[in-house]
*Asks:* 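Can you read through this structure? Questions will come right after.
Every chain is numbered from 1, with letters handed out A, B, ... down the list of sequences.
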Number of protein chains: 2
Amino acid sequence: MGGATKGRDVVPDATESSAPREGLSRTRVLRAAVDYADANGIESLTMRTLAAELGVVPMALYKHVANKDDLLDGMVEVIVGEIGPTPASGHWKPDVRRRVLAARAALLRHRWSQAVLESRAAMTAPMLGYLDSLVGLFVSGGLPIDLTHSVMHALGNRMWGFGEDLFAATPPSETESFNAQKDALPARFPNLAAIAAAAIHVDPESGRLTGCDSQAEFEFALDLVLDGVERLDVRDGKED
Amino acid sequence: MGGATKGRDVVPDATESSAPREGLSRTRVLRAAVDYADANGIESLTMRTLAAELGVVPMALYKHVANKDDLLDGMVEVIVGEIGPTPASGHWKPDVRRRVLAARAALLRHRWSQAVLESRAAMTAPMLGYLDSLVGLFVSGGLPIDLTHSVMHALGNRMWGFGEDLFAATPPSETESFNAQKDALPARFPNLAAIAAAAIHVDPESGRLTGCDSQAEFEFALDLVLDGVERLDVRDGKED
DNA sequence: ATTGACAGGTGTACATCGTACACCTAGATT
DNA sequence: AATCTAGGTGTACGATGTACACCTGTCAAT
């Protein structure tokens with residue numbers, strides 16, 4: 001069986017400490033791309049400029065990234081990977097708060113990242129890992145799985161109708177290497193798997209299996225916010 | 001002097017009823033672009049394909065749109081313009097709900113539109129008009145202006161740290177035609193003007209004038225959702 | 001040591017895209 | 001009739017992603 005070892009991992013193996021600055025690697029390319037985008041803006045990041053930055057000919061990059069889209073995906077992977085763990089107390093509310101704020105901080109460190117992330121809602125492994133960790137905080141804090149599911153949608157939605165839910169899991173590009181790991185996904189992201197299992201239900205009309213209703217999830221999120229605002233208004237205005 | 005009358009309006013003047021299908025116009029170009037994107041996907045919309053669709057040579061388009069960015073901006077304008085008015089009862093909650101849902105429906109009619117809209121957070125006139133109408137619903141429903149301000153941020157944020165607030169008003173590209181109208185903005189969008197006025201405050205530390213604190217707004221939105229979830233959880237779990 | 005396979009860097013070349021620029025043309029204005 | 005001008009045309013160029021053939025140094029197997 002050939003080529004099964006062709007890792008597309010984010011951090012495959014660091015042979016960088018021994019060889020100081022010689023030889024590219026996927027990680028080195030990605031890191032250089034992130035740095036370059038930080039310094040010069042994402043719009044001026046081209047395969048040529050990046051190659052020049054690395055002192056290499058443009059086509060050399062293609063030995064480490066499949067194409068520019070793959071490069072961009074890799075860049076978000078790097079940043080999402082920077083989020084890092086946050087301490088958990090077992091109370092979902094402060095735990096989730098901390099974690100989300102940490103994510104925001106990581107994204108803010110690279111101004112271009114949100115635009116790139118939104119332009120390609122590719123669910124890469126670190127992304128799934130982050131989502132899984134969030135879900136884990138909710139459920140291990142005692143929140144029911146259905147509610148957790150809806151909350152994840154609420155957090156991923158923009159609530160004035162613009163921008164579809166980021167939690168609408170766009171699977172990563174259907175590469176062979178991904179398909180190879182597909183079966184292992186539930187094991188790697190057990191919390192997401194639990195949500196997916198809970199979300200699948202039978203449509204009473206057609207009798208067919210169906211996923212979640214994005215319109216319903218949107219309205220849930222919207223009402224959550226509006227109800228919250230109403231409470232704030234009543235409390236502040238009428239002195240409890 | 002010279003060229004001040006070069007209108008970049010969305011619907012400049014409809015000389016289309018008399019001349020059936022002859023001659024381009026900004027509106028005709030934009031509408032064709034929207035239709036083409038609907039049918040073939042935004043990624044295959046190029047100046048050349050669009051020109052071909054209109055039976056015209058590519059460069060002809062540039063007599064009606066400044067460049068491709070302007071074209072895309074115009075396309076969003078068209079769609080935001082499609083949102084249309086919604087009936088208002090004077091109660092902000094159902095009114096806002098209706099309006100937001102209408103916006104979502106308009107955007108969903110054109111799958112590509114959210115991506116385009118988010119890729120260029122340009123605050124075009126129809127966009128400002130929509131926001132202004134939303135704010136108007138809140139305040140005429142009796143919600144205090146400060147709270148309205150925060151809610152607008154909450155609605156525009158993605159709440160897991162990804163994606164900065166759409167309500168962080170990126171001004172439209174600084175064209176001459178825009179600057180000409182700049183002074184008229186408060187009159188055209190009075191509700192937005194009120195929010196802007198309320199948001200400006202003096203920073204206690206430096207003593208300088210400052211806009212709104214995006215971090216604070218983000219945390220407000222996040223807590224709004226988390227508090228709401230907590231209430232739902234308590235109520236459902238413990239039977240009120 | 002010889003070989004040969006292969007990971008990884010090179011060079012050339014091309015298709016696609018946005019768009020600058022000069023030109024043309026028909027209808028309106030004087 | 002002369003002229004202006006809005007608007008469509010044709011050509012051409014630079015930037016960009018990337019296919020493809022090639023070269024080279026390293027290391028394993030002979």
*Asks:* Taking only N and O in the side chain of His64(A), is any of them less than 4.0 Å away from OP1 or OP2 of dA7(C)?
*Replies:*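 No, outside the criterion.
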
*Asks:* Does a side-chain heavy-atom distance below 4.5 Å link Leu137(A) with Arg99(A)?
*Replies:*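 Yes; the side chains approach each other to less than 4.5 Å.
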
*Asks:* Hey, is Asp70(A) close enough to Arg26(A) for a salt bridge, meaning N to O under 4.0 Å?
*Replies:*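 Answer for the salt bridge query: yes.
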
*Asks:* Would you say that Ile79(A) contacts Val116(A) through its side chain, given a criterion of any heavy-atom pair below 4.5 Å between the two side chains?
*Replies:*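 Of all side-chain heavy-atom pairs linking Val116(A) with Ile79(A), none is under 4.5 Å.
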
*Asks:* Gln215(B) and Glu219(B): side-chain donor and acceptor closer than 3.5 Å?
*Replies:*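 The answer is yes; a qualifying pair exists.
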
*Asks:* Do any N or O atoms of the protein come closer than 3.5 Å to N or O atoms of nucleotides 10-13 of chain C, and which pairs are they?
*Replies:*
unit_1  : atom_1 : unit_2   : atom_2 : d
dT10(C) : OP2    : Val57(A) : N      : 3.0

*Asks:* If we only count heavy atoms from C-beta on, is the Leu107(B) to Leu117(B) side-chain gap below 4.5 Å?
*Replies:*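 Sidechains of Leu117(B) and Leu107(B): in contact.
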
*Asks:* Backbone N or O of Thr86(A) within a donor-acceptor pair of the Arg98(A) side chain at under 3.5 Å?
*Replies:*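 No: the side chain of Arg98(A) does not pair with the backbone of Thr86(A).
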
*Asks:* If I take atom CG in residue Asp70(A) and atom P in nucleotide dG17(D), what distance separates them, rounded to the nearest angstrom?
*Replies:*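 Checked: the CG to P distance equals 14 Å.
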
*Asks:* What distance do Asp38(A) atom CG and Met75(A) atom CE have between them, rounded to the nearest 0.5 Å?
*Replies:*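 Here the interatomic distance stands at 7.5 Å.
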
*Asks:* Going by number, which of residues 40-47 of chain A have a non-hydrogen atom under 4.0 Å from DNA chain C?
*Replies:*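 None - not one residue of the stretch has a heavy atom sitting under 4.0 Å from the strand.
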
*Asks:* Could you give the angle between the helix axes at the two ends of the helix from dA1(C)-dT30(D) to dT30(C)-dA1(D), with five pairs per end, rounded to 10 degrees?
*Replies:*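 Overall, the helix from dA1(C)-dT30(D) to dT30(C)-dA1(D) bends by 10° from one end axis to the other.
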
*Asks:* Whole-Å distance between dC17(C) P and Leu71(B) CG?
*Replies:*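 So the CG-P distance, Leu71(B) to dC17(C), works out to 14 Å.
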
*Asks:* With side chains defined as the heavy atoms from C-beta onward, is the minimum distance between Tyr62(B) and Leu71(B) less than 4.5 Å?
*Replies:*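 Result no, sub-4.5 Å side-chain heavy-atom pair not found.
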
*Asks:* Is the backbone N or O of Asp132(B) less than 3.5 Å from a side-chain atom of Asn191(B), with the two atoms forming a donor-acceptor pair by type?
*Replies:*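 Between the backbone of Asp132(B) and the side chain of Asn191(B) there is a qualifying donor-acceptor contact (under 3.5 Å).
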
*Asks:* What is the distance, rounded to the nearest whole Å, between atom CZ of Arg26(A) and atom C1' of dA7(C)?
*Replies:*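 To the nearest whole Å, that distance equals 17 Å.
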
*Asks:* How many Å lie between CZ on Arg28(A) and P on dG8(C), as a whole number?
*Replies:*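 Going from Arg28(A) (CZ) to dG8(C) (P), I get 13 Å.
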
*Asks:* Are side-chain heavy atoms of Phe189(B) and Leu131(B) found at a separation under 4.5 Å?
*Replies:*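 No, side chains not in contact.
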
*Asks:* Tyr62(B) OH to dC21(C) P: how many Å, rounded?
*Replies:*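 Taking OH of Tyr62(B) and P of dC21(C), I get 13 Å after rounding.
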
*Asks:* Would you say that Glu77(A) contacts Leu30(A) through its side chain, given a criterion of any heavy-atom pair below 4.5 Å between the two side chains?
*Replies:*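 Glu77(A) does not reach Leu30(A) side chain to side chain.
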
